[in-house]
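Inspection log for the structure reproduced underneath, given as structure tokens.
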Amino acid sequence: MKWPETVVETPQGPKTAIAPLVISASRATDIPAFHAAWFMNRLRAGYCLWTNPFNARQRQYVSFERSRVIVFWSKHPAALLPYLPEIAARNHQFYFQYTLNDYEQTGLEPGLPRLRQRLDLFRRLSEQIGKHRVIWRFDPIILGGGLTPENTLDRLYAIGREIAPYTEKLVFSFVDWYAKTKRELGKLNAGLRAPTEEEMQRLARGIVEVERALPSRLRLATCAESMDLQPLGIEHNKCIDPELLLRLCPDCAAFRKACGRTAPGREQGSLVPLKAPSAQTGTIKDSGQRKLCGCTPGKDIGIYNTCMHFCAYCYANQSRNAVLPRMRTIQTDSEALEHFQFEMQSVSN
């Protein structure tokens with residue numbers, strides 16, 4: 001994506017920076033959980049410095065000057081909650097992609113607080129900012145090693161009956177069986193595996209039945225899945241959702257264009273009554289994401305190997321041994337979510 005450019009003032013002098021409308025914070029790490037202070041320092045400074053995860057020598061200044069919406073991705077955003085009024089006061093809209101699973105008995109998510117604590121935080125966040133701004137993610141779904149379609153649906157229902165009144169959308173996905181994922185899950189339990197096609201279909205039908213039994217109705221969507229579940233009423237999700245962006249910023253011409261709209265509208269507090277986006281809306285897709293990703297463009301500002309949840313299925317951490325040294329180098333007043341000297345040594349070795 002080619003973003004407009006601006007100039008930011010840095011300690012090294014004026015620098016050219018991109019100025020995206022949407023900031024993703026972040027698919028690469030849990031910024032709300034572990035880097036809230038760093039993020040707020042950068043928001044106050046008006047810019048940050050981002051490093052290409054596939055080329056450590058390629059860095060890019062990112063300005064917050066034009067950003068209208070910040071999409072937060074987190075499994076436990078407690079550290080960010082005190083800052084939300086300040087973010088809003090700085091005229092940034094925001095919403096959360098909040099992953100809330102129950103893998104407590106499996107060891108798949110060893111760095112997370114207890115489920116009860118995460119449920120309570122989900123409710124508190126929803127009450128603070130509005131339930132349309134807190135999207136529940138139940139992903140990835142993993143089977144084997146004692147995990148079955150039946151007890152997966154039981155766990156989803158147990159969570160849903162508590163938080164359904166505090167959200168309006170459930171997004172789920174099935175584990176992508178990358179070589180690294182297979183290796184790391186195998187270390188934990190050799191029986192862990194991806195669902196079969198038949199199991200995916202059975203789980204999808206089960207999730208529809210679970211949703212109908214919840215105390216509040218939810219829109220259902222899958223994230224980057226190839227199977228067509230529209231006949232079941234399950235959408236292909238857009239995590240950076242042009243429709244939601246437009247609801248949060250109804251006066252934004254760029255978001256109207258992304259949605260294929262021509263006239264301004266009003267913010268609406270509910271996702272459920274609204275017609276789901278269709279293929280005819282002409283929404284713009286982020287070409288930098290996976291082929292099956294439906295997101296509209298946003299600039300991610302996170303980096304890999306900086307999350308201490310240590311989830312066994314994680315794609316963003318190389319290993320615990322890669323994370324711990326990098327975390328020790330992070331400085332909350334740094335322009336970037338890294339320490340350059342440490343990084344350059346790593347590149348040269």
Side-chain angles (χ1 to χ4, degrees), residues 1-6 17-28 31-32 48 50 60 62-74 87 91-99 129-130 132-137 139 167-173 219-226 228 230 234-272 274-302:
M1 176 69 188
K2 186 172 178 57
W3 300 103
E5 293 186 345
T6 187
I18 61 169
L21 285 171
V22 180
I23 298 293
S24 171
S26 153
R27 290 182 176 94
I31 285 178
C48 71
W50 172 82
Q60 186 176 52
V62 181
S63 169
F64 300 136
E65 175 185 315
R66 295 180 67 249
S67 64
R68 299 294 304 275
V69 178
I70 303 166
V71 182
F72 292 111
W73 312 69
S74 187
I87 297 172
N91 296 318
H92 295 287
Q93 298 287 346
F94 52 84
Y95 66 93
F96 284 77
Q97 294 284 343
Y98 193 131
T99 299
I129 67 174
H132 62 302
R133 298 173 187 253
V134 188
I135 311 301
W136 174 27
R137 301 182 68 90
D139 72 321
T167 185
E168 294 181 341
K169 190 174 189 180
L170 165 61
V171 179
F172 64 95
S173 70
R219 277 173 60 179
L220 300 177
T222 57
C223 182
E225 295 293 341
S226 60
D228 181 14
Q230 293 279 358
I234 301 173
E235 307 166 24
H236 288 290
N237 197 50
K238 298 178 176 66
C239 300
I240 299 183
D241 182 354
E243 293 284 332
L244 183 50
L245 297 178
L246 187 57
R247 283 192 285 274
L248 297 178
C249 301
D251 61 333
C252 182
F255 292 159
R256 289 201 303 274
K257 181 179 179 181
C259 291
R261 305 283 181 83
T262 57
R266 295 181 303 169
E267 176 177 354
Q268 302 182 47
S270 173
L271 294 175
V272 174
L274 300 173
K275 183 179 178 181
S278 69
Q280 285 72 45
T281 57
T283 57
I284 301 171
K285 184 182 181 304
D286 189 340
S287 60
Q289 300 302 321
R290 293 177 293 171
K291 181 179 179 180
L292 294 172
C293 176
C295 288
T296 202
K299 177 58 184 174
D300 202 292
I301 61 170

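- Of all heavy-atom pairs between Ile301 and Phe64, the closest is CD1-CZ, 4.4 Å.
- In this structure, CH2 on Trp3 lies 12.5 Å from OG on Ser63, to the nearest 0.5 angstrom.
- Closest non-hydrogen pair, Gly302 versus Ile31, comes out as CA-CD1, 4.3 Å.
- Between Thr6 and Arg66, every side-chain heavy-atom pair lies at or beyond the 4.5 Å cut-off.
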Run Trp136 and Val171 through side chain to side chain contact (heavy atoms under 4.5 Å, CB included) and show every step you take.
CA-CA 6 Å; Trp136 174 27; Val171 179; over 6 Å; no

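- One finds the NE2 atom of His236 at 8.0 Å from the OG atom of Ser226 (value rounded to the nearest 0.5 Å).
- No side-chain heavy atom of Asp241 sits less than 4.5 Å from a side-chain heavy atom of Ile135.
- Proximity of Arg68 to Leu245: side-chain heavy atoms (C-beta onward) are nowhere separated by under 4.5 Å.
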List the steps and the verdict of side chain to side chain contact (heavy atoms under 4.5 Å, CB included) for Gln97 and Asp139.
CA-CA 11 Å; Gln97 294 284 343; Asp139 72 321; over 6 Å; no

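- Distance check, rounded to the nearest 0.5 Å: CH2 of Trp73 to OG of Ser26 gives 9.0 Å.
- In this structure, the side chains of Thr296 and Phe255 stay at 4.5 Å or more apart for every pair of heavy atoms.
- With sequence neighbours left out, the ring pair (Phe, Tyr, Trp, His ring centres under 6.0 Å) criterion links Phe72 to Phe39, Phe96.
- Note that the NE2 atom of His92 and the CG atom of Leu248 stand 13.5 Å from one another [nearest 0.5 Å].
- Atom CD of Glu168 is separated from atom CZ of Arg133 by 11.5 Å, given to the nearest 0.5 angstrom.
- The backbone N or O of Arg27 sits less than 3.5 Å from a side-chain atom of Asp300, completing a donor-acceptor pair.
- Under the 4.5 Å side-chain criterion, counting only non-hydrogen atoms from C-beta, Lys299 is not in contact with Val22.
- With values rounded to the nearest 0.5 angstrom, Ser173 atom OG is found 6.5 Å from Arg137 atom CZ.
- Taking all atoms of both residues into account, the shortest heavy-atom contact from Ile70 to Ala25 is CG2-CB, 4.3 Å.
- Between Leu244 and Gln93, the closest side-chain pair of non-hydrogen atoms is not below 4.5 Å.
- In this structure, the side chains of Val69 and Cys249 come closer than 4.5 Å at one or more pairs of heavy atoms.
- Between Cys223 and Cys239, the closest side-chain pair of non-hydrogen atoms falls below 4.5 Å.
- When all heavy atoms of Gln230 and Glu235 are compared, the closest pair comes out as NE2-CA, 3.8 Å.
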